[in-house]
Amino acid sequence: MAQTFQTYIFLDLESTGLAHDCPRITEICLVAVHLHSLQNPERDEAGDLLLPHVVDKVCLCVDPVIPLTSKAAHMTGLSNEKLSLNQKQSFSPELLGLLRDFLERQDQPICLVAHNGFSYDFPLLKTELQRVQGDFSGPLSCLDSCKVLRTIDPIPNSVRIWKGYYTLPEVYRRFFGKEPQRSHCAEGDVLTLLMIFLHKAQDFLRWVNIMSLSWAKIVPMYTP
DNA sequence: TGCCAGGCCCTCTTTAGGGCCTT
């Protein structure tokens, strides 16, 4: 049965590597936006979309305990040394409690949104939750923005080289004609994703019931 | 330097193969 999600939480993770590296999270950012703000976006005097002003936001750096791959360190600008010198804690039951509190304070029901989330962010987050013997409770759904974009923004026949067509920066460039800010920083990528969603809000909201999955159906990336 | 994984999607498909997207 179709439901109307009242809150969309845009999510991005930075981590020590890709799935084959059995990665650990190094940075997590969640930005919660109410349906009202998505349906009634703010614009500047020129009519350009603005980021919603009324949002709840959590951004945390996490000690991954294991080494970052050189590529992940280069991309994210994070390092084990930086995280250690800044006394960052590892993913803990307390962090799970914080994330649960963040979800519970939002107007329900909630849909998490991440780019390539079905393949990467959601399974990795589920693995970290499993590591601390926990999980999110209650009805919670999730949506992969990459999957939706493949439907609502199909590749034109005139485009011959389509590698990178649905990467987060490329979609942003296509929609807004400028470079996204702070790529490969969790908060930067979340805000880029939020703007992309706002740009196609009507389409995303139309497809969300068909393409979203229950959080309970997300399979952990690997067994911790 | 490029590969490494894997679920998903597309097509020169479905008795399969290859590429994307995420760090």
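Each chain gets a letter, A, B and so on, in the order the sequences are listed, and its residues count up from 1. Computed from heavy atoms alone, side chains included, the values below leave out hydrogens, waters and symmetry copies.
Comparing B:dC21, B:dT23, B:dT22 by their closest approach to the side chain of A:Thr69 singles out B:dT23.
Rounded to whole Å, atom P of B:dT22 lies 11 Å from atom CG of A:Leu149. Atom CZ of A:Phe122 is separated from atom P of B:dA5 by 24 Å (rounded to the nearest Å). Protein atom NZ of A:Lys71 is 12 Å distant from nucleotide atom C1' of B:dC21, rounded to whole Å. Between the CG atom of A:Asp144 and the P atom of B:dC21 there is a distance of 11 Å, given to the nearest Å. The distance from atom OH of A:Tyr120 to atom C1' of B:dC9 is 21 Å, rounded to the nearest whole Å. Atom CG of A:Leu143 and atom P of B:dC8 are 14 Å apart (whole Å). One interatomic measurement links the two molecules: CG of A:Asp121 to C1' of B:dG6, which rounds to 14 Å at whole-angstrom precision. As a whole-Å value, the separation of A:His184 NE2 from B:dC21 C1' is 11 Å.
With C1' as the reference atom, B:dC12 and B:dA16 are 11 Å apart, rounded to whole Å. Taking atom C1' in both B:dT15 and B:dC21, the straight-line distance is 29 Å, to the nearest Å. Across B:dT23 and B:dT11, the matching C1' atoms stand 29 Å from one another, rounded to whole Å. Comparing B:dT13 with B:dC8, their P atoms are spaced 23 Å from each other, to the whole Å. B:dG6 and B:dT1 have their P atoms separated by 26 Å, with the value rounded to a whole Å.
Atoms CG and CG, from A:Leu143 and A:Leu11 in turn, are 12.0 Å apart once rounded to the nearest 0.5 Å. The OG1 atom of A:Thr26 lies 12.5 Å from the NZ atom of A:Lys88; values are rounded to the nearest 0.5 Å.
Every residue two or more places apart in sequence or in another chain that forms a salt bridge (charged side-chain N to carboxylate O under 4.0 Å, His left out) with A:Glu128 is listed here: A:Arg24, A:Arg131.
As judged by a 4.0 angstrom heavy-atom cut-off over every strand, A:Ser119 is placed among the base-contacting residues. Across all strands, A:Leu68 comes closer than 4.0 Å to no nucleic acid atom at all (heavy-atom distances).
Summarising the local packing, CD of A:Gln181 is surrounded by 12 or fewer heavy atoms from other residues, nucleotides or ligands at distances under 6.0 Å.
For residues 202-224 of chain A, every residue pair satisfying the ring pair (Phe, Tyr, Trp, His ring centres under 6.0 Å) rule, not counting sequence neighbours, is listed here: A:Phe136-A:Trp215, A:Phe197-A:Phe204.
Remark: the A:Ser183 side chain and the A:Tyr172 side chain contain no N/O donor-acceptor pair separated by less than 3.5 Å. Side-chain N/O atoms of A:Ser92 and A:Glu94 include a donor and acceptor closer than 3.5 Å.
Nearest-nucleotide mapping onto DNA chain B: of A:Lys147 and A:Thr167, the residue sitting toward the 5' end is A:Lys147. For A:Phe118 and A:Asp189, each mapped to the nucleotide of DNA chain B holding its nearest heavy atom, the one lying further toward the 5' end belongs to A:Phe118.
Near-neighbour residues of DNA chain B inside residues 9-24 of chain A, defined by a heavy atom below 4.0 Å, number-ordered: A:Asp12, A:Leu13, A:Glu14, A:Ser15, A:Gly17, A:Leu18, A:Ala19, A:His20.
Note: A:Tyr8 and A:Phe5 have perpendicular aromatic rings, judged against thresholds of 30 and 60 degrees for the angle between ring planes.
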